[in-house]
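One-based numbering along the sequence shown. When a ligand or atom number is given, it counts from 1 through the structure's own listing order.
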Amino acid sequence: DGASWQSEKCAEIERELLQMQTTDKSMQRQLQAAEKVEKQLKKLAKQYKDSDSQIQAMEQDLGSAKASAVTSESAQFSSAASLELTEAQTSHLERRLKELELQLQQADKGGEMAVLQQQNQAQVKELERLDAEKAELALKSEAVKKELQTARLRQQENDRRLSASASASQRLGDALRKLKVEASGLQVGQQKVREECEAHLRSIADSFPPLAGAVSNIGDGVAKLMERYQEVAEERKKLHNLVLELKGNIRVFVRVRPINEKEKAQESGEATMTFAEDCKVSVFDAAASRRKWFEFDKVFSPKTAQNDVFEEVKPLATSVLDGFNVCIFAYGQTGSGKTFTMTGTDANPGLNVRVLTELFRQRDERKSETDISISLLVTEIYNETIKDLFTTDEAKQKKLDVKQNPDGTNSVPGLTELEVHCVEDVLEAMKKAQANRTTMATDMNEESSRSHSIVQVRTLNVSKKDKREYVGKINLIDLAGSEN
Ligand SMILES: Nc1ncnc2c1ncn2[C@@H]1O[C@H](COP(=O)(O)OP(=O)(O)O)[C@@H](O)[C@H]1O
Ligand SMILES: [Mg+2]
């Protein structure tokens with residue numbers, strides 16, 4: 001052991017010094033110096049001993065520090081601190097050693113000091129080596145710490161990414177499964193639709209040739225029927241007008257209006273008029289106490305409605321559109337109901353408006369075969385003068401006169417002819433005519449009883465097939481009172 005060895009050496013040096021004291025008296029001066037050195041050496045030896053034990057303690061510290069540095073960071077720190085302390089102590093010791101070396105060199109004659117020096121140097125070197133090892137360990141530990149930190153961060157990041165991608169792949173998996181289910185459903189549906197379409201196409205293709213045949217057959221049939229229809233229509237026309245002719249080209253109907261309040265008061269006993277069947281009427285002659293019967297083509301009792309009268313006249317409208325000329329007169333005393341029958345009221349119109357309405361209806365019915373245009377002429381004959389009720393032009397009025405045509409028919413050239421397309425047009429035209437009636441008469445009834453009112457309706461038919469034209473006419477005449 002270094003310490004005991006050193007103490008032994010020190011004792012030896014002491015002994016030699018004592019020997020030197022005793023054996024060489026001549027070296028008194030040197031001895032005195034040696035004594036002085038001895039004292040110093042003793043002191044040094046003690047100091048050296050102390051230093052040595054200190055070094056040993058430090059070596060132990062270093063050993064434990066080295067061990068703990070390997071396992072723990074905190075131990076590294078503490079060993080670094082103790083290393084620093086050691087370094088400080090070492091340098092202090094080094095200084096002290098140098099001092100001792102110097103003193104020993106002075107005192108030492110032999111090689112003992114050199115040995116001590118060598119030993120000290122060895123110790124210093126060992127210390128340096130330990131120091132270096134320690135620093136290296138500290139560096140290594142620091143690097144390991146840093147690597148560990150980086151690795152931990154990387155691990156965290158990887159964990160995060162892993163869990164994110166795991167949940168994303170979960171979601172994608174779910175969506176994919178759903179899509180697969182839907183796709184297989186759609187495929188089934190598609191297959192079904194395709195099969196149905198193919199079946200339909202096949203059935204259409206199968207039925208097409210017979211259908212085409214049927215269509216062309218129908219076309220032929222329609223053409224034949226159209227031809228036949230024309231023939232039948234012609235036949236109807238002939239028969240219709242033959243019927244009217246057989247009924248009589250001139251027919252006389254009687255319409256008896258209901259008695260008014262004044263007449264009711266006068267009536268007593270026998271009824272003035274009675275009716276039988278639909279064509280007989282009797283009149284009671286109170287003076288002769290005798291009832292006389294009359295027969296007509298038709299008799300309308302007071303109960304007869306406006307439309308019932310019109311129904312009897314309606315076939316004549318058809319004749320007009322077939323190109324015949326028709327004339328309806330209302331004849332009778334003033335107050336007997338002529339104007340009521342021909343014109344009527346707004347709420348309950350007479351023959352004029354009803355006949356025109358029927359003409360428009362039949363025009364529409366025949367429009368696939370013929371274009372029918374309808375026009376009106378309204379005149380008044382007062383004091384043997386013709387008046388055009390559609391104009392206020394005096395010069396025009398003056399020229400109006402009845403002319404005989406070469407074919408034997410009569411006409412009044414220059415009359416205003418107004419085309420009408422619907423019932424509304426007719427009503428407007430009638431209002432205009434009414435406004436233009438003779439205003440000279442102070443009493444409207446007086447005037448109307450003395451004048452004939454004539455509404456002439458003209459129809460022009462143009463056949464769509466061959467553009468053949470024919471004209472039909474109907475005169476609706478409200479005559480002057482028969483008493484005039
Ligand atoms: N069938 C009838 N039903 C009800 N009232 C009628 C009928 N016929 C005529 N009248 C009424 O008798 C009156 C005289 O009739 P009107 O037509 O003016 O006679 P005329 O024109 O022959 O002079 C009018 O008030 C009219 O409303
Ligand atoms: Mg009248």
Can you find a pair of side-chain heavy atoms, one from Leu376 and one from Leu356, that are under 4.5 Å apart? yes

Atoms in ligand 1 flagged as close to Pro258, the criterion being non-hydrogen separation under 4.0 Å: 1 (N), 2 (C), 3 (N), 4 (C), 7 (C)

Regarding Asp407 and Thr409, do their side chains bring together a donor and an acceptor under 3.5 Å, going by distance alone? yes

Any nitrogen or oxygen of Lys338, main chain or side chain, under 3.5 Å from a nitrogen or oxygen of ligand 1? yes

Between Arg255 and Glu312, does any side-chain N to carboxylate O distance fall below 4.0 Å? no

Side-chain donor or acceptor of His452 paired with backbone N/O of Ile477 under 3.5 Å: no

Any sub-3.5 Å donor-acceptor pair from Ser216's side-chain atoms to Gly213's backbone N or O? yes

Of all the atoms in ligand 1, which lie at a distance below 4.0 Å from a heavy atom belonging to Thr334? 23 (O)

So, do Lys464 and Glu369 sit near enough that their side-chain heavy atoms are less than 4.5 Å apart? no

Flag Ser449 as yes if one of its N/O/S atoms falls below 2.8 Å of the Mg ion (ligand 2), otherwise no. no

Please identify which atoms of ligand 1 are closer than 4.0 Å to at least one heavy atom of Gln333. 22 (O)

Consider every N or O of Thr339 and every N or O of ligand 1, then say whether any pair is closer than 3.5 Å. yes

Against heavy atoms of Arg255, which atoms of ligand 1 measure under 4.0 Å? 1 (N)

